[in-house]
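A short write-up of the structure that comes next.
A note on names: the letters A, B, ... follow the listed sequences, proteins ahead of strands, and every chain is numbered from 1.
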Amino acid sequence: MPPSTPNHAILNGLNDAQKRAVTSKAATVAILAGPGSGKTHTLTARVAWLVDHVGFRPEDVIVATFTVKAAREMKERIGKALGNDREKRIILGTFHSIARRYLAAYGRHIGLSQKFGIADDTDSRAIISRICKRLQLNVDPAFARAWISKKKAKGTEDAAKPARQEVTNVAGLQNLETCYREYQKHLETTNLLDYDDLLVRCVELLRKFPSCVSNVQTVLIDEYQDTNGIQYELMKLFAQRHQRITIVGDPDQSIYGWRSAEIRNLWRLLREFPKTDEVSLEENYRSSQSILDLSLSVIKQDSKRYDKVLKAIHNMGSRPVLRRLKSASAEAEWIVSEVRRVLTLSGSMLTYNDVAILLRSASLSRHIESSLGKAGIAYKMVGGFKFYERTEIRTLLDYLRVIHQPENNDALARILNVPRRGVGDVTIRSLLEEAETHSLSVWTVLSKHCRGDRTAKTRITKQAEQKLSGELLRPLDSIRRRIGEATGPNGTPLGLVQMIEQLLTTLEFEKHLKTAHPDDHEQRWANVQEFISLASDFVRDMGSSDEDALPEIEGLPQTKEVEVLSRFLANVSLASDAQTGDADQSKPLVTISTIHAAKGLEWPIVFVPAVYKGSIPHIRSEDDNEERRLLYVAMTRAQSLLYLSCPVFSSNGNGERTVLSPFVEPVERAFMKKGPCLDRPVMSEIARILQRQLPPEDSIFQGLPAMFSLEDNLFPVDPEEAKQDANGRSNRGHGYHPDAQPSKRPRLQAPSIVQDSAEETQWWKGYSTTMEQSSTFTVAALPGFVSVAAHQAAITAANTKADAAQKAQVVKRPTSKRPTGQKSIMGFVKLDSDQSGLVATRLPATVQPSNSSPAPRLVQEPQAASAAIAPDLAGHRLGAGKLIARPSAPIEEKTLKRKQYTCFSSSPTRPAAAEDDSSGKNTAEADNNETPPEPTRAAACLHVTTCALPKGHGGVLRRPGGLSRENITPIEKLRKPFKPLTITLKRPS
DNA sequence: GCCCAGGCCGTTTTT
DNA sequence: CGGCCTGGGC
């Protein structure tokens, strides 16, 4: 797009609130954006606005995100908005990666070695547990690690916050502090920074040398609710020259408290920048209203939360489902069956790409992966295992790290005996000890020992010594010498790829894989190849554009980061996963993801399995409210169909009963008990929400596979019922699930397991899954991202009627400042007049209409629906002990005038929207669990009349299933063998 | 007696 | 996929 006429184009398709946010002239802008409200779109547009309209140079703009995924997405979208590759000049990335760039460029000013490495999780854990052991500190290393991390993450400014009383005994505290000191000392001698240090040191740098960021005009922060103390400081320091900050966030989606994120930072910002322009994005373009309603009813259980409006733009849609299954494996198989049912009945409107299964813990994926595998459904797993964490890749990385930094003891320790060199655990441990006590690096100790300069105290066998010297020390030394020097094969410096290849030959790595992993060495070797190609991509990308570079600042020379290796390693440490050359975009994949990794994304169909106590809220979680928000995030990912499910018996072997998640239990009755009837009206409405074309009815049913069940009836709605069944088989013919058996008959399980696994191996051929080939997908290719904006554009264009209704409802707003209708979040949390701290309170839910003249008293009686809330409201970091509200400042007048609905987003406004649905598509709501009688049978009837079996589809008699229960049993037993037949979406016609 | 290697169990969420 | 236990080899 031509830069000359940017303004209008940028604002195209934005709603009023979004336009206000994008064009706000205030220095600091806080955008409060609920799920699906077009947050990324708005932030992107604001960046474009600031560059194209206001005229900031791209290189003077910092955009910080929390995940690599979000950064990538943001970059892509800003690129589209700006054009001319100008997005590449923007300083855009995760907090950690931006901090690293500054440290690489200017770190020497604060005494940082140029070649610092990054200690990842594994490293710091190893270091800390070694320290604890060596000094015999009586602390749990994991706890110590968390404690240290929290201490760093808290930041330095917020001293007002009292230390939490986790560590009660003084000795314990002292031990922790010793551990902390030793840990830092170790990092320093090995020239490493851990993740938190990147931020801490960058804060130090920018405080001492503000000129580093003297060019920065404006700073934008995505997912602001996830900032922790140190990131808040960093944000301010980035912006220290002009104090222009835009933040986007949603307190309800704060799910990183365990990583020291502080929702309080929102109030902190508003307090420190009182002129902040607040904008709320209150329209949800993503989900059906029933999904939104139910999600809100979950999040509203948190009485301390800042209640905000979230209005569905879409129609009611079909009610979310809460399904109970017998076991985790039954649950997984049910998901498969439901996925098939929905996709099939959508014609080809929906594909696997439209389905996501969101998990509290990555470990829950086992059953689901196996079910999908058995069914031949390709999937990708996001979050959980990462490419770079595979052992073979880690080993190579550790070699590279040792080449890069010989003093990296931890990396060296991990590779001393890989491949096997007859050096055992004890020897390695002892070497580390020796090195640490003598302030030497292990590398030095070994080198000297092998050269005979200094005999190591650690006993090393002659054989091991020879191998270490010949296979490790000398080859690596030689590679290291050749970096940067023009001594490579053709007089060129040894490149990254050649370096890796050199390593592979010297180590005889393929041979090593064969002996170490005889079963799957091929896969692992393939991973190694993949790794090489990633490295080669990296080198290429780095050569073509110098995106990581910071803009030159006059009189402030940067350390040029020439070394490829160094940057590659940093990139690996800071990337959540490898971005591989998008292998198969063509193949639709179901997404399995942790809820955390799903934030910001959306899918038409979302499953949230395992909604039981212990899973969500997780048994080890400290903050139930955060767990609730997590569920809220998961639920609000769904656009048109949302399924929660819960096994009745846990799969931990003893057949213990699960308890439904306390977040779901209170609203249990709002769910349907099984999947909706997917008749024409329901499907049409789904199509409308997704802005897609629903194929004609007859074409859908012509494509129906044989024995297709039109309803969600393959599994009993009440799994208890199945238990009664005399022969132990569930009455709907899915008696093959070993775990589904009540624990009483362990004997019978053995044969079925054998059968299962035989079948499994059979089906594992012919397709590949992420388990085998984790890197065949790109995160950027995730279906979720692009759509809010797309929807919004489409909707504004198409749905003018709804738009008009919307406008009628929303107050006309003054252009630049917060509209009168919108209450300030500061009205919710008010700054006390003295400096001592934040004193918060909350308006009573029953606040009078706007004309009541006296400023309303801030209410603190607990029986008022909303009691007074402390500053740390929703602040999960502070104890509840000091919840006091002191009404000292009168409420801003503005807040009095706000329209009432802003306080009561709960229900009152709903009916109107429903009525507005002129096309009468709201039937879905009526479609409830108890298997609706006649009318909803339409589809089934249709099915009978139009379903023509494809000819030559085998000689076995197959009748359509799902019509009458009585008919099913014998046929259903045959179901299993036909499993792979089920999906034949497109018949050759 | 010491040390290496192979089998078995449990696994929150992420930069 | 790592940490712990037991068995085999130096």
Please classify the nucleic acid contact of [X] as base, sugar-phosphate, or nothing, using heavy-atom distances under 4.0 Å.
{"X": "Thr391(A)", "answer": "sugar-phosphate"}
{"X": "Asp121(A)", "answer": "base"}
{"X": "Phe66(A)", "answer": "sugar-phosphate"}

For [X], enumerate each residue passing the side chain to side chain contact (heavy atoms under 4.5 Å, CB included) test, keeping only those at least two apart in sequence or located in another chain.
{"X": "Thr227(A)", "value": "Phe66(A), Phe95(A), Ile221(A), Tyr224(A), Gln231(A), Asn265(A)"}
{"X": "Lys467(A)", "value": "Arg421(A), Glu471(A)"}
{"X": "Ser149(A)", "value": "Asp196(A)"}
{"X": "Thr94(A)", "value": "Thr65(A), Val68(A), His96(A), Ser97(A)"}

Are Asp194(A) and Tyr183(A) close enough, and set up right, to give a side-chain hydrogen bond (donor to acceptor under 3.5 Å, both in side chains), and what steps lead you there?
CA-CA 10 Å; Asp194(A) 70 12; Tyr183(A) 174 65; 2.8 Å; yes
Which whole-number value in Å describes the distance from [X] [atom1] to [N] [atom2]?
{"X": "Lys599(A)", "N": "dT14(B)", "atom1": "NZ", "atom2": "P", "result": "12 Å"}
{"X": "Glu389(A)", "N": "dT15(B)", "atom1": "CD", "atom2": "C1'", "result": "12 Å"}
{"X": "Leu631(A)", "N": "dT13(B)", "atom1": "CG", "atom2": "P", "result": "17 Å"}
{"X": "Lys150(A)", "N": "dT13(B)", "atom1": "NZ", "atom2": "C1'", "result": "13 Å"}
{"X": "Leu198(A)", "N": "dT14(B)", "atom1": "CG", "atom2": "P", "result": "19 Å"}
{"X": "Ile619(A)", "N": "dG10(B)", "atom1": "CD1", "atom2": "P", "result": "14 Å"}
{"X": "Leu234(A)", "N": "dT15(B)", "atom1": "CG", "atom2": "C1'", "result": "13 Å"}
{"X": "Arg145(A)", "N": "dT13(B)", "atom1": "CZ", "atom2": "P", "result": "13 Å"}

Verify stack between Trp258(A) ring and dT13(B) base, 5.5 Å, 30 degrees:
yes
Selected nucleotide, minimal atom distance to [X] side chain, candidates [options]:
{"X": "Tyr256(A)", "options": "dC3(B), dT14(B), dA5(B)", "answer": "dT14(B)"}
{"X": "His596(A)", "options": "dT15(B), dA5(B), dT14(B)", "answer": "dT14(B)"}
{"X": "Thr594(A)", "options": "dC3(B), dT15(B), dT13(B)", "answer": "dT13(B)"}
{"X": "His96(A)", "options": "dT14(B), dT15(B), dT11(B)", "answer": "dT15(B)"}

[N] phosphate, OP1 or OP2: any side-chain N/O from [X] under 4.0 angstrom?
{"X": "Asn228(A)", "N": "dT15(B)", "value": "no"}
{"X": "Thr427(A)", "N": "dC3(B)", "value": "no"}
{"X": "Arg259(A)", "N": "dT13(B)", "value": "no"}

Taking any atom closer than 4.0 angstrom to a non-hydrogen atom of chain A, what span of DNA chain C does the protein reach, first nucleotide to last?
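Terminal contacting nucleotides, 5' to 3': dC1(C) to dG2(C).
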By nearest heavy atom, map Phe95(A) and Val426(A) onto DNA chain B; which one lands nearer the 5' end?
Val426(A)
The answer to which of Arg420(A) and Glu627(A) contacts DNA chain B further toward the 5' end, by nearest nucleotide, is Arg420(A)
Set of ring pair (Phe, Tyr, Trp, His ring centres under 6.0 Å) partners for Tyr180(A), sequence neighbours left out
none
Is the backbone N or O of Asn527(A) less than 3.5 Å from a side-chain atom of Glu392(A), with the two atoms forming a donor-acceptor pair by type?
no
Given Thr458(A), which partner from the list Glu434(A), His449(A), Arg429(A) fulfils the side-chain contact (heavy atoms from CB on, under 4.5 Å) test?
Glu434(A)
